[in-house]
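One structure below.
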Amino acid sequence: MFRQSLAVTLINLKSIPQRPGMSIATIISVALVVGVLLGFSAMANGFRATVQGTGSQDVAIFLRSGAQAELNSGLSRDEVRLIEEAPGLARDSGGEAIASAELYVIVDGTKRSSGTDANIPLRGVGEDAALLRQNFELVEGRMFAPGSNDLVVGRSVQREFSGFEMGEEIRLGNNNWQIVGVFSTGGTVFDSEIWADLGVIQNLYNRGSGVQTVRARLENPDAIERVRAYAENEPRLNLDVQAEQAYYASQAGATSDLIMYLGWPLSIAMAIGAFAGAWNTLYSSVDRRTREIATLRAIGFSGFPAFVGTMAEALMLSAIGGLVGAAAVYLLFNGVSASTLGGSFTQIVFSFAVTPSAIIAGIVMALVIGFLGGLVPAIRAARVPILAVHAD
Amino acid sequence: MTEDLRQDTLYQLDHVSKSYTRGKERVDIFTDLTMQIGRGEFIAIMGPSGSGKTTILNLLGGIDRPSAGEIAFKGQRIDNLGQGKLATWRAHNVGFIFQFYNLMPTLTAIENVELPLLLLKMSGKERRRRAETALDIVGIADRAGHKPRQLSGGQQQRVAIARAIVADPAVLMCDEPTGDLDRESANSVLETLQLLNTELGKTIVMVTHDPAAASFAKKELHLDKGRFVEREALA
């Protein structure tokens with residue numbers, strides 16, 4: 001039976017070039033499905049990798065209770081002072097907590113890719129802000145001077161948005177700013193931000209002395225529990241305290257899930273079209289080879305090899321489609337930088353990441369399309385009446 | 001024909017009927033047919049369209065079943081075999097030759113000839129050797145690597161004959177084997193069939209419209225209204 005199936009499979013596969021139009025249409029339709037699925041998946045993976053890669057285990061982020069995101073949070077100066085007194089926080093040689101109270105406002109930037117406006121976070125930070133970001137590196141220029149209208153911009157902002165070149169003066173809202181430095185944090189969310197002195201931001205945006213978050217270095221990752229206990233037992237504080245890494249992981253989930261909620265239905269809708277295409281192609285293939293199949297049956301072959309051969313043809317076409325789709329997405333999008341709206345209504349710049357697991361998922365989807373599209377034609381092939389040997 | 005008792009009977013048909021249902025109507029192709037075919041015969045079955053020539057061939061070849069009656073091959077009934085056993089029986093005992101050759105267009109001549117051998121226990125080397133021998137017998141060994149579209153009609157039919165004989169079956173079923181060929185190619189193919197009959201002892205049952213083709217057979221049977229009229233051929 002194996003030799004019969006192998007022989008019929010080879011006959012089928014060799015016959016594919018005899019139906020170039022339909023075969024190519026099937027390959028393309030499957031490739032499109034896999035391409036769309038992988039495109040969305042690469043977007044979600046890239047976004048998730050960027051956001052989840054942000055934040056440290058030994059940095060705590062303090063938000064107002066229930067705020068969930070920085071933009072919704074608000075902390076008073078007194079609360080900031082109480083936070084800085086928490087046990088478990090790392091302290092400098094002077095005994096001061098290594099902490100940065102931060103204020104987060106949204107400004108407009110113009111995307112280089114589309115020329116359209118998009119939101120960029122402008123973060124007012126304290127002197128310790130750089131110490132609280134892993135891999136922080138000033139790649140050009142200098143840090144802002146306290147009390148000045150200096151800006152330092154993340155590398156991704158400079159890459160994706162126009163007008164943020166070193167030394168340029170830029171107008172954000174009603175205020176003019178000077179770009180004095182470019183920083184990198186190794187591709188994390190912070191690279192999509194602009195930083196300035198906290199006091200200046202508070203002043204220019206009429207925020208008084210309030211901030212939205214406090215970041216503070218922990219003595220060690222386990223110290224987060226002591227800090228949390230302190231915040232819960234201190235009646236003047238009403239806070240959510242999380243390790244920064246956990247905070248960004250939760251932020252990543254919602255948006256990447258949303259991307260896939262869009263991607264899957266679109267892929268499935270297209271998959272139905274590809275399934276119909278595969279079905280049609282294979283039906284046509286079986287029709288055209290009816291006499292050949294009947295001849296094999298007359299010679300003594302059973303129906304099963306005809307089934308196997310047709311399924312093999314379906315799976316081969318869909319696998320080629322899957323590989324073409326995956327290769328196209330990988331070559332066109334993998335590592336390509338893009339930006340999308342993050343959890344705080346600002347643009348987060350990330351790179352498309354076509355991962356091996358996404359490619360496998362795409363190929364599996366292609367094979368499922370091939371299997372379902374080939375199933376009925378294959379059954380039909382197995383049931384071709386032997387008397388069709390006389391068909392002309 | 002029923003009186004033509006031979007000791008070396010290959011086929012025995014007893015009271016065989018065949019009918020089809022077309023919608024609600026039953027169409028009888030023939031009823032109560034009894035006949036024998038001996039080993040080494042070369043029979044041409046002729047008759048008008050719709051007379052049941054091809055149906056007889058299908059029944060003898062085991063690719064169709066009678067509506068009633070019994071068909072025995074070498075004393076063993078084949079009309080009551082299951083599909084799988086009947087397929088195995090065909091693989092070992094019958095070679096088919098069709099009007100339109102029925103070769104696999106994507107395979108070379110030798111690959112086509114090897115197909116029936118895939119059903120037998122045999123090494124790849126032995127398969128290739130036997131296929132080469134079969135192609136040699138029909139005089140087309142030099143075209144072994146050609147695909148059907150690279151061969152003339154006559155050459156394609158020779159490949160089909162090689163495929164039919166490669167498993168060394170006792171009987172060849174030929175359905176209008178020269179119906180798609182010019183006279184010269186047809187004669188050449190028929191001479192090959194004649195050779196297979198006389199030299200290799202293959203029993204041949206050939207359906208044809210063509211009296212010239214039938215003249216190559218040892219015996220002509222004329223099927224008319226479901227009955228055979230026998231006539232010894234002159235050729």
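By convention in this document, chain letters (A, B, ...) are assigned in the order of the sequence lines, proteins followed by strands, and residues within each chain are numbered from 1.
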Return the set of residues passing side chain to side chain donor-acceptor pair (under 3.5 Å) with Lys147(B) (not counting sequence neighbours), or none when no residue passes. none
Turns out that what part of Glu114(B) lies under 4.5 Å from chain A's heavy atoms comes down to neither
Most contact-rich option vs chain A, by heavy-atom pairs under 4.5 angstrom, among Val94(B), Leu107(B), Asp175(B), Leu119(B), is Leu119(B)
Taking Arg90(B) for its side chain and Ile299(A) for its backbone only, find out whether a donor-acceptor pair lies under 3.5 Å. no
Do we see a donor-acceptor contact under 3.5 Å between the side chains of Asp180(B) and Tyr101(B)? yes
Greatest number of heavy atom pairs closer than 4.5 Å to chain B - which of Ala294(A), Ala298(A), Ser302(A): Ala298(A)
If you tally heavy-atom pairs under 4.5 Å between each of Leu296(A), Leu6(A), Thr295(A), Ile386(A) and chain B, the highest tally belongs to Thr295(A)
Using non-hydrogen atoms and a 4.5 Å limit, figure out which bit of Asn58(B) sits close to chain A: side chain, backbone, both or neither. side chain
Side chain, backbone, both or neither: which part of Glu111(B) has an atom under 4.5 Å from a heavy atom of chain A? side chain
Could you check which of Asn102(B), Leu118(B), Ile63(B) has the highest count of heavy-atom pairs closer than 4.5 Å to chain A? Asn102(B)
Specify which of Pro169(B), Pro105(B), Gly61(B) makes the most heavy-atom pairs with chain A at under 4.5 Å. Pro105(B)
Say you draw a straight line from NE2 of His209(B) to CD1 of Ile45(B); how long is it, rounded to the nearest 0.5 Å? 12.5 Å
Pair Glu25(B) + Arg22(B): basic N to acidic O under 4.0 Å: no
Carboxylate-amine/guanidinium proximity below 4.0 Å for Asp136(B) and Arg130(B): no
Distance in Å, Leu13(B) CG paired with Leu33(B) CG, rounded so as to fall on 0.5 Å steps: 6.0 Å
Please flag which part of Arg289(A) lies under 4.5 Å from any non-hydrogen atom of chain B: side chain, backbone, both or neither. neither
